[in-house]
Chemist: 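Input: one structure, supplied below.
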Amino acid sequence: MMRPLLRDPTTLLPSLAEASHLRALHAHLVVSGRLASPSHLAAFLASLASSNHLSYARLVLPQRPATLLAHNAFIRALARGPRPCLAFAAFRDLPLPPDHYSLNFLVRAATALVASAAEEKHVSAEVNARLQAVSAHGAAVRWGHAADPHVQSGVLSMYAALGDVASSRAAFAEIACPDVVCVTAMVAALAAGGDVDAARDLFDGMPQRDHVAWSAMIAGYMHVGRSREALMLFDEMLSAGTTVGEATLVSVLTACAQIGTLDRGKWVHWYVRSRGMQMSIKLGTALVDMYSKCGAVVTAMEVFESMAERNVYTWTSAVSGLAMNGMGTECLQLFKRMEGAGIQPNGVSFVAVLRGCSMAGLVDEGRACFDSMDKYGVDPWPEHYGCMVDLYGRAGRLDDAISFINDMPMEPHEGVWGALLNASRIHNSVDLGKYALDKLLAIESENDAAHVQLSNIYAESQNWKGVSRVRGMMKAKGVKKVPGWSTIEVDGKVHEFYVGGRLHPRYNEIELMLAEMDRRLRLQGYTANTREVLFDIEEEEKEGAISLHSEKLALAFGLIVLPEDVEIRIVKNLRVCMDCHRYIKLVSKVFNREIVMRDRNRFHHFKGGECSCRDYW
DNA sequence: CTAGGGTTAG
């Protein structure tokens with residue numbers, strides 16, 4: 001008669017916040033005799049623990065003959081809860097010797113502890129997590145359960161979460177016959193430790209691979225930013241006919257976002273819909289992120305609005321998408337909506353909204369956001385200070401930027417000086433630029449971008465001596481400039497262009513188009529601004545170099561091969577230089593094309609001779 | 001009653 005109520009106390013309890021309801025349910029379980037059954041007791045305890053009724057659970061637990069089933073369920077619930085350290089206390093208080101289940105859950109608790117410590121960036125928490133992790137492994141050995149396959153795979157990923165691949169390796173070597181799960185865990189551990197090639201060797205040697213193994217290897221490439229290989233492996237996975245799960249698609253979308261390949265990203269979106277796959281929070285978030293990072297911010301927001309459920313990652317992803325696409329006002333509005341929806345912003349959310357405010361020159365609003373971090377219990381990271389300096393500096397309030405730096409409770413990190421340097425460039429403040437560079441170089445003496453920035457400041461003020469001095473400095477210190485490259489996607493294929501390079505098979509056509517572009521731009525009164533460019537390349541390449549910045553090559557190629565009604569989408573690894581920016585604005589007008597360019601920091605949407613960044617970047 | 005892969009910034 002009362003069966004329906006008892007079916008699943010796990011889903012029932014969270015809605016019963018009231019203690020009287022709790023006691024009623026408890027009484028009900030007792031009277032009906034259900035609580036005498038170890039599995040019902042275990043389920044009841046688990047739901048108590050996971051719905052934050054810990055003290056109640058602790059009252060219930062010792063009142064009957066102890067079973068490992070019940071205690072293990074309790075430990076498991078604690079391990080998955082907000083405070084995994086509680087699982088250790090429960091493990092210590094076990095009235096019976098632990099079995100392999102207990103140890104498995106203990107190891108999970110340690111992993112969760114490590115993960116949360118890493119997220120909080122708290123040093124003492126990390127040290128503590130490390131100790132707990134080692135002690136969990138020790139307990140598994142001491143109680144004779146270290147050879148249980150569930151415990152083994154758990155231990156491997158636990159050490160991986162700690163960043164201790166050596167221990168993962170050692171533990172893996174102990175396993176006589178590792179099963180698919182353990183090998184997959186080891187593949188992931190090696191990749192997380194940066195040794196993707198070792199991970200790939202292990203993966204290639206696997207006697208059988210299921211979709212999780214494929215997924216782990218694809219994600220492994222993503223961990224080290226080798227997104228092209230991730231996509232290539234995904235193609236192999238498709239040809240192998242393996243089932244494609246949601247997790248795989250999330251990694252694939254991350255790869256698309258990183259490369260900026262909108263066509264493949266759209267294909268994934270289509271794949272999800274055509275298979276009728278359910279749109280989970282993670283998948284939806286990955287889609288929002290992919291569309292944002294491919295410059296399709298409108299579609300990103302459509303996906304965002306269509307999602308049934310969103311968490312702080314989803315919101316932050318959308319806020320950040322608006323910020324990087326230069327939609328500062330919308331970004332701030334969305335952040336406010338997020339607060340209104342009762343979502344607690346975290347450190348990343350604040351980085352995103354502060355960047356958005358910076359883009360739109362919303363200085364006071366940004367300041368208010370920064371000040372509100374305290375209210376949410378978010379400790380500012382160095383990045384947040386960097387954003388604030390950028391916010392003031394970009395708006396031309398250099399004095400405010402400086403006094404903000406002086407009031408910092410910590411030593412300014414390189415990002416802070418970098419922001420000040422950039423502000424000095426925008427507002428032509430030579431002295432401040434020099435000062436910021438000095439500070440920056442004291443921290444990062446070989447920062448090539450910083451040298452280039454200072455040189456640009458000198459160049460803007462026609463100080464050629466300064467330009468050559470910086471150049472000499474770089475030579476003397478052996479600072480190597482990162483070579484610039486740009487990519488453009490045509491029919492799903494990504495074409496790469498390098499600065500001054502003539503490697504593309506259709507270079508002859510590109511050269512003709514570049515000449516045509518120059519001709520038509522000159523008719524509009526364009527003259528090349530050689531100041532930055534001259535510094536950017538080696539002496540012998542100077543001649544003709546203005547046409548050879550990688551983004552111009554990519555743009556010329558786009559003009560050749562893409563139809564007029566298709567926007568030209570370029571991804572560049574460095575910040576766009578002033579001359580190219582001016583050049584591309586003009587091309588967008590003269591050739592009547594929409595051009596979207598993602599540079600190192602943000603998007604530039606060019607149209608009709610204007611850029612969405614309003615010339616501040 | 002257990003296990004391996006996946007989401008936000010820089």
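From a predicted model like this one, the values you see are computed outputs, not experimental measurements. Hydrogens, waters and symmetry mates play no part in the numbers below; they use all other heavy atoms, side chains included. Within every chain, numbering begins at 1; the chains are lettered A, B, ... in the order of the sequence lines, protein sequences first and strands thereafter.
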Chemist: Name the first nucleotide and the last nucleotide along DNA chain B (5' to 3') that come under 4.0 Å of a heavy atom in chain A.
Modeler: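 Nucleotide range in contact with chain A: B/dC1 to B/dG10.
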
Chemist: When all nucleic acid strands are considered with a 4.0 Å heavy-atom cut-off, which category describes A/A219: base, sugar-phosphate, or nothing?
Modeler: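 Touches sugar-phosphate only.
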
Chemist: Hydrogens and angles aside, do A/Y221 and A/R200 bring a side-chain donor and acceptor to less than 3.5 Å of each other?
Modeler: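 A/R200 and A/Y221 do have a side-chain donor-acceptor pair below 3.5 Å.
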
Chemist: Checking all strands, does A/A286 fall into the base, sugar-phosphate, or nothing category for heavy-atom contacts under 4.0 angstrom?
Modeler: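 If one applies the 4.0 Å heavy-atom cut-off, A/A286 turns out to touch nothing in the nucleic acid.
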
Chemist: Quick one: label A/V180 by what it contacts on the DNA or RNA (base, sugar-phosphate, nothing), any heavy atom closer than 4.0 Å.
Modeler: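 Counting heavy atoms under 4.0 Å across all strands, the contact made by A/V180 includes a base.
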
Chemist: In a table with atom names and distances, give each donor-acceptor pair under 3.5 Å that connects a side chain of residues 177-185 of chain A to protein atoms at least two apart or in another chain.
Modeler:
residue : atom : partner : partner atom : Å
A/D179  : OD1  : A/V181  : N            : 3.3
A/D179  : OD1  : A/C182  : N            : 2.9
A/T184  : OG1  : A/V180  : O            : 2.7

Chemist: Check every strand shown and say whether A/N601 touches a base, only sugar-phosphate, or nothing at a heavy-atom separation below 4.0 Å.
Modeler: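 Nothing, no nucleic acid heavy atom in range.
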
Chemist: Could you tell me whether A/W315 contacts a base, only the sugar-phosphate backbone, or nothing, with contacts defined as non-hydrogen atoms closer than 4.0 Å?
Modeler: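 No contact.
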
Chemist: With sequence neighbours left out, what residues match A/A171 under side chain to side chain contact (heavy atoms under 4.5 Å, CB included)?
Modeler: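 Result, side chain to side chain contact (heavy atoms under 4.5 Å, CB included) vs A/A171: A/V155, A/L156.
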
Chemist: Using a 4.0 Å heavy-atom cut-off, does A/D148 contact any base of the nucleic acid, only the sugar-phosphate backbone, or nothing at all?
Modeler: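 No contact at all - A/D148 keeps every heavy atom at 4.0 Å or more from the nucleic acid.
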
Chemist: I need the full list of side chain to side chain donor-acceptor pair (under 3.5 Å) pairs touching residues 147-160 of chain A, with sequence neighbours left out, sorted by first then second residue.
Modeler: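 Those involving residues 147-160 of chain A are A/H137-A/Y159.
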
Chemist: Show me the donor-acceptor pairs within less than 3.5 Å that the side chains of residues 333-340 of chain A make with the rest of the protein, sequence neighbours left out.
Modeler:
residue : atom : partner : partner atom : Å
A/R337  : NH1  : A/E305  : OE2          : 2.9
A/R337  : NH2  : A/E305  : OE1          : 3.1
A/E339  : OE2  : A/Y376  : OH           : 2.7

Chemist: A/N104 near the nucleic acid: base, sugar-phosphate alone, or nothing, with a heavy-atom cut-off under 4.0 Å?
Modeler: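 A/N104: base contact, heavy atoms under 4.0 Å.
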
Chemist: What ring pair (Phe, Tyr, Trp, His ring centres under 6.0 Å) pairs are there with at least one residue in residues 286-306 of chain A, not counting sequence neighbours?
Modeler: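 Sorted pair list: A/H269-A/Y291, A/F304-A/W315.
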
Chemist: Can you list everything that forms a side chain to side chain contact (heavy atoms under 4.5 Å, CB included) with A/R598? Sequence neighbours excluded, please.
Modeler: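 In terms of side chain to side chain contact (heavy atoms under 4.5 Å, CB included), with neighbours along the sequence ignored, A/R598 is linked to A/K293, A/V571, A/F603.
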
Chemist: Near DNA chain B, counting only heavy atoms under 4.0 Å, which residues of residues 160-174 of chain A show up?
Modeler: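 None, since no heavy atom is under 4.0 Å.
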
Chemist: Taking only residues two or more places apart in sequence, or in another chain, which ones meet A/Y271 in a ring pair (Phe, Tyr, Trp, His ring centres under 6.0 Å)?
Modeler: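 Result, ring pair (Phe, Tyr, Trp, His ring centres under 6.0 Å) vs A/Y271: A/W267.
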
Chemist: Indicate every side-chain donor-acceptor pair of residues 242-249 of chain A with a distance under 3.5 Å to a residue at least two apart or in another chain.
Modeler:
residue : atom : partner : partner atom : Å
A/T242  : OG1  : A/W214  : NE1          : 3.4
A/E246  : OE2  : A/S280  : OG           : 2.4
A/T248  : OG1  : A/S215  : OG           : 3.3

Chemist: What I want to check is whether the side chains of A/T314 and A/T285 have a donor and an acceptor closer together than 3.5 Å.
Modeler: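 There is such a pair between these side chains.
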
Chemist: Listed by chain and number, what are the side-chain hydrogen bond (donor to acceptor under 3.5 Å, both in side chains) partners of A/R226, not counting sequence neighbours?
Modeler: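 Only A/D197, A/E229 meet the side-chain hydrogen bond (donor to acceptor under 3.5 Å, both in side chains) criterion with A/R226.
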
Chemist: In residues 242-253 of chain A, which residues come under 4.0 Å of DNA chain B by heavy atom?
Modeler: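 Only A/E246, A/A247, A/T248, A/V250, A/S251 qualify.
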
Chemist: Need one value for A/H71: base, sugar-phosphate or nothing, where a base atom within 4.0 Å counts as base even if backbone is also close, heavy atoms only.
Modeler: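 A/H71: no heavy atom of the nucleic acid under 4.0 Å.
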
